[in-house]
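Beneath this line is the structure, given in structure tokens, with notes to follow.
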Amino acid sequence: MNRSFLPAIVALLLFSQTLFAQVTPTANWQLQDASKVPQPGAAIAQPGFSANGWYPAVVPGTVLTTLVHNNVYPEPLYGENNRPDRIPESLCRTNWWYRTEIKIPSSYKNKNSWLHFNGINYAARVWVNGKNIGEIRGAFARGIFDITSAVKPGETAAIAVLVSPQPNPGEPHEHTIAQGMGKNGGITAMDGPTFLCSMGWDWIPAIRDRNTGIWQSVYLNATGPVLVKDPLVTTDLPLPALNTADVKIAATVQNITDQPQQGILKGAFGNVAFSEPVQLPPHSSKRITFDPATLPQLKVKQPKLWWPNGYGPQNLYTLQLQFNIQDKVSDEQQLDFGIREISYTTPSSEDLTISVNGVKVFCKGGNWGMDEAMKRIPKERLETQIRMHQQAHYNIIRNWVGQSTSEDLYALCDKYGLMIWDEFFQPNPSDGPNPADINLYLANVREKMLRFRNHPSIILWCARNEGNPPKVIDDSLRNIMAELEPLRLYQPSSTSGRGVHSGGPYYTRKPAEYYVFTESFKTEIGSFSIPTLESVQGMMPQQNWEVINDDWAEHDLATKYYRNMIAKRFGEVANLADFVRKSQLANYESYRAMYEGRNAKMFNPSTGVITWMSNPAQPSFVWQLYHHDLEPNAALFAVQKACEPIHIQLNEKEGNIQVINNGPATLKNARAHLTIFNTDGTAVLKQDYNVTALPAVATDLGLVQWPADLSPVHFVKVTLHDANGTLLSDNFYWNTLPLGSDQLTGLEKIPVVTLTATVKRHQVQNNCMLEVSLHNPSTHIAVMAHLQLHRQSGDRVLPVFYSDNYVSLTPNETKTITIEASEAALQGSKPLVLVDGFNVNIKAHNDPDAAIALNENAQVSHWPITHLPRPDSTTQKK
């Protein structure tokens, strides 16, 4: 082959031509129930068609999104608005018409015009200017249609889409106190590639339209006679060396005309460029590969590598591919990729052990059941969610049953260093039948791989949640992997093989119990996770705040177990504010132990742990680091503590102090310090340790020698400093002996501590940055001080990023917390930081730029004593 090398300066000029404008028709869409539209698609897809009475549609979005936007139905996720007497089940058994009109750019003249749909659930037929141009089936399939013969550049085109819901939407279980959370899923799994969880699970109620609609973006573009399709970038490092990388690139070029075509396929990334002359017979395709074996410029020197969060930077390269005919662009593709190499085992074990660029990665992360219950997932929201995962020191998320598959999710995980355990569309065999249409299922699987396989964040493909796929699917997936995915691991099941296991438990336990396990890689383990008081108040009407009723069940808490557990462990519950106050203790200790228990046996045998869940699809009382409104609770900061790269911890089962070194280098000449405080704040033990901590292991500093004069409830503080005295990690525990006992009600007797505070404000670009210093001037312990940003009006600012929160301060200790929020979210108001906590008061402080005050709303004394009962189930709605 005649391949040419282009110097870097030519690479900069290679893509100077601009391809014909891409147009995204997001506005002017309309929606209507198909039974109310007598006209056929050919008539609806005519410019000027009268759509009187149609709803302005939200695209991308679901049918229910549009109907809520038009006030046909109330917000489904608030209170009990989602009950079928308020939002009917008929939505998921109705066909819907979408239509819009858009001007075709004049620049498309003499070109091929294309209409792209990136995702429609579940099936669709498409018309343009009266012409039926094709169909789409499956939520994860693209629709790419040549509309050249149906449109005229410079003129208006009408687009009509008949969207049909999945054929088996099922009869969902209603979440109530009387009926409990019920069985997950059901017959809906028969339909395969769809949002099967929207029939209802134990973490999401039935979504009445089952997320039917044009849920992904729509756009137009134009090309010449040859297309560039399905690019693939693979990288190889000569480990353990990292100073070079082989980059292999392939793409398909397709001649869509009746005439032979010849041109040049050109590519460039960084300062590397390459090209290949190509001849194509009529209506033919050819796969072109650029290989470093013959192109020396693809042996990249000193590559900038992509690393998981906590292990290095997330460097990305942008690859541009163009097919040029007589120096004119026919088609182009652009994608980001990362240079990195993944392996899945170590010489000492066949258990799943992820290494990236030759470095073992202890996988710590969360399951995503679905990004949002109604697929309301603008990029800004997703970025907040992913950034909070990065802040928690996570390095992996699990895309459970592929329910969160979108381009934005993958791109943001690339950006923030979140590896993805990515799955296809089959649940646990007990949660629904196998797909009825195997070919449809596999077509959507194939589409998913082709679209997203270049994202460095994807580490493996998993066929099924908690079970093996049927043989016909398993065999087909292995063949597809061999064809499309030459390097990634195929994992048939999320709960078996390679030391992988799911199975929970999914409820809050005492910290010591999280240290007992046998599996190597844990894909599901969970805990209740109660949101802040303001988040609870924001998800249900006030009449339901002080009674655990069907509204609570709709938001995933239908049992007395948790409320009674809190009362037994921390003291009788006075009211909702007290329930939330004590639940933050449980959030913190259980989520921290969930990871510290695995830290204690890092790579011996534990290689990974993924909580069920980190991201909530709806407002919920369980399984989350932050609420649906994006306010974090104590769980996020507990995970942030437990998962930090260098970490010191008290083993809450064995009673020893451990240093966890997640890095690749030995920690030398460090110093650890242990202090134990009695309930009255007096220090009864102080001990120092010299620390040398090897990489990728838990280093034992020895058993704590508990003093004889300990109070029944006491506090343990550990710190770790490097050789220069810089603080690397600190940790704080409330404790009672023997370890693992359940007598912490004595915490209620500790006195209230009034903290002092200062705040400094500055602006970074469009963000307000606050630096809040909390000081404990007393001789007692302040437990779980919680900061919450408000506007002067009292409304919360959301989202907000806190460098730390729910912090405990020993006598005379000061902690500084950074708060970041967009200036736009403040709406011109002076920032007001409200403070609450387990036994925390605050001395008000008011500067011209910001203020600090006590959160009166969160005080137990602010509300009547109700004891937060659960009424007899016979009084609840059925």
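Residues satisfying the side chain to side chain donor-acceptor pair (under 3.5 Å) test with Tyr626, not counting sequence neighbours, are Asn615. Residues forming a side chain to side chain donor-acceptor pair (under 3.5 Å) with Lys815 (at least two apart in sequence, or on another chain): Asp730. Scanning for ring pair (Phe, Tyr, Trp, His ring centres under 6.0 Å) contacts around Trp307 gives an empty result, with sequence neighbours left out. Applying the side chain to side chain donor-acceptor pair (under 3.5 Å) criterion to Thr384, with sequence neighbours excluded, gives no partner residue. Scanning for ring pair (Phe, Tyr, Trp, His ring centres under 6.0 Å) contacts around Phe838 gives an empty result, with sequence neighbours left out. Every salt bridge (Lys or Arg N to Asp or Glu O under 4.0 Å) that Arg488 has, sequence neighbours left out, goes to Glu485. Not counting sequence neighbours, the partners of Glu631 by the side chain to side chain donor-acceptor pair (under 3.5 Å) test are Thr532, Ser535, Gln788, Arg796. Contacts of Arg381 classified as salt bridge (Lys or Arg N to Asp or Glu O under 4.0 Å), with partners at least two apart in sequence or in another chain: none.
Between the side chain of Tyr514 and the backbone N or O of Glu596, no donor-acceptor pair lies under 3.5 Å. Using a distance-only test at 3.5 Å, with no hydrogens or angles considered, a donor-acceptor pair links the side chain of Ser729 to the main chain of Ile648. Listed for the Gln302 side chain is no donor-acceptor partner under 3.5 Å among the backbone atoms of Val300. Looking only at distances, a side-chain donor or acceptor of Ser590 sits under 3.5 Å from a matching main-chain atom of Ala586. Judged by distance alone, with hydrogens and angles left aside, the side-chain atoms of Asn651 form a donor-acceptor pair with the main-chain N or O of Lys653 at under 3.5 Å. Counting only distance, with no hydrogens or angles, the side chain of Thr495 and the backbone of His501 share no donor-acceptor pair below 3.5 Å. Looking only at distances, a side-chain donor or acceptor of Asn599 sits under 3.5 Å from a matching main-chain atom of Ala642. Judged by distance alone, the side chain of Tyr591 and the main-chain N or O of Ser527 form a donor-acceptor pair under 3.5 Å. Counting only distance, with no hydrogens or angles, the side chain of Gln491 and the backbone of Gly497 share a donor-acceptor pair below 3.5 Å. One N or O on the side chain of Ser808 and one on the backbone of Met784 form a donor-acceptor pair closer than 3.5 Å.
Atom CD of Gln765 sits in a sparse spot, with 12 or fewer heavy atoms from other residues, nucleotides or ligands closer than 6.0 Å. Environment of CG in Asn766: sparse, with no more than 12 heavy atoms of neighbouring residues, nucleotides or ligands closer than 6.0 Å. Annotation: Lys601, atom NZ; neighbour count of heavy atoms from other residues, nucleotides and ligands within 6.0 Å is above 12.
The existence of a salt bridge linking Glu383 and Lys415 is confirmed by a sub-4.0 Å separation between a basic side-chain nitrogen and an acidic carboxylate oxygen.
Within the 4.5 Å cutoff, no side-chain heavy atoms of Pro632 are placed close to those of Asn805. Between Leu409 and Asp371, every side-chain heavy-atom pair lies at or beyond the 4.5 Å cut-off. Between Asn839 and Ile781 there is no side-chain heavy-atom pair separated by less than 4.5 Å. Looking at heavy atoms from C-beta onward, Leu770 lies in side-chain contact with Leu789 at the 4.5 angstrom threshold. Side-chain contact between Leu352 and Leu489: present, with at least one pair of heavy atoms (C-beta onward) separated by less than 4.5 Å. Residues Ile339 and Asn315 are not in side-chain contact: their nearest non-hydrogen atoms beyond the backbone lie 4.5 Å or more apart. The closest side-chain heavy-atom distance from Leu674 to Gln705 is not below 4.5 Å. In this structure the side chain of Pro308 never reaches within 4.5 angstrom of the side chain of Ile396, judged on heavy atoms.
Under the salt bridge (Lys or Arg N to Asp or Glu O under 4.0 Å) rule, Glu589 has a single partner from Lys510, Lys582, Arg569, which is Arg569. Applying the side chain to side chain contact (heavy atoms under 4.5 Å, CB included) test between His714 and each of Trp706, Tyr733, Trp734 identifies Trp706 as the sole match. Considering Lys522, Glu466, Arg398, Glu519 in turn, Glu466 is the only one that fulfils the side chain to side chain donor-acceptor pair (under 3.5 Å) rule with Ser502. Only one option out of Val233, Asp336, Leu319 pairs with Phe269 in a side chain to side chain contact (heavy atoms under 4.5 Å, CB included); it is Leu319.
To the nearest 0.5 Å, atom CG of residue Asn367 and atom OG of residue Ser614 are 7.0 Å apart. Atom CG of Leu305 sits about 15.5 Å away from atom OH of Tyr311, to the nearest 0.5 Å. Here the CG atom belonging to Asn812 is positioned 7.5 Å from the CG atom belonging to Asn776, to the nearest 0.5 angstrom.
Aromatic ring centres of Phe715 and Phe732 lie closer together than 6.0 Å.
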Could you walk me through whether Glu407 and Lys379 satisfy the salt bridge (Lys or Arg N to Asp or Glu O under 4.0 Å) test, starting with their C-alpha distance in whole Å, then the side-chain angles of each, then the deciding distance to 0.1 Å, before giving a yes or no?
CA-CA 10 Å; Glu407 175 61 37; Lys379 187 174 182 179; over 6 Å; no
Could you go step by step and tell me if Tyr588 and Phe637 meet the ring-ring contact (aromatic ring centres under 6.0 Å, His included) rule?
CA-CA 7 Å; Tyr588 201 99; Phe637 302 99; 8.3 Å; no
Trace of the side-chain hydrogen bond (donor to acceptor under 3.5 Å, both in side chains) decision for Glu771 with His762:
CA-CA 9 Å; Glu771 188 177 278; His762 64 280; over 6 Å; no
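Side-chain contact annotation: Ser773 with His775, donor-acceptor N/O pair under 3.5 Å absent. Of the N and O atoms on the side chains of Ser822 and Asn767, not one donor lies less than 3.5 Å from an acceptor on the other residue. Defined by atom type and a distance below 3.5 Å, a donor-acceptor pair is missing between the side-chain atoms of Asn357 and Arg340.
Leu809 and Leu774 make their closest contact through CD2-O, 3.4 Å (heavy atoms, listed as atom of the first residue, atom of the second, distance). Residue Ala635 comes nearest to Asn633 through the heavy atom pair N-OD1, 2.7 Å, listed as atom of the first residue, atom of the second, then distance.
Listed by first then second residue, pairs satisfying ring pair (Phe, Tyr, Trp, His ring centres under 6.0 Å) with a partner in residues 393-417 read Trp201-Trp400, Trp203-Trp400, His389-Tyr394, Tyr394-Tyr595, Trp400-Trp612, Tyr410-Phe452, Tyr410-His455, not counting sequence neighbours. Legend: salt bridge (Lys or Arg N to Asp or Glu O under 4.0 Å) pairs involving residues 385-395, not counting sequence neighbours, sorted by first then second residue: Arg387-Glu820. Annotation: ring pair (Phe, Tyr, Trp, His ring centres under 6.0 Å) contacts involving residues 345-364, sequence neighbours excluded, comprise Phe362-Phe603.
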Show every donor-acceptor pair shorter than 3.5 Å between a side-chain atom in residues 661-668 and any protein atom, with sequence neighbours excluded, or say none if there are none.
unit_1: Asn661; atom_1: OD1; unit_2: Gly663; atom_2: N; d: 2.9
unit_1: Asn661; atom_1: ND2; unit_2: Ala665; atom_2: O; d: 2.9
unit_1: Asn661; atom_1: ND2; unit_2: Ala693; atom_2: O; d: 3.0
unit_1: Asn661; atom_1: ND2; unit_2: Leu694; atom_2: O; d: 3.4
unit_1: Asn662; atom_1: OD1; unit_2: Lys364; atom_2: NZ; d: 3.4
unit_1: Asn662; atom_1: ND2; unit_2: Glu644; atom_2: O; d: 3.3
unit_1: Asn662; atom_1: ND2; unit_2: Pro645; atom_2: O; d: 3.0

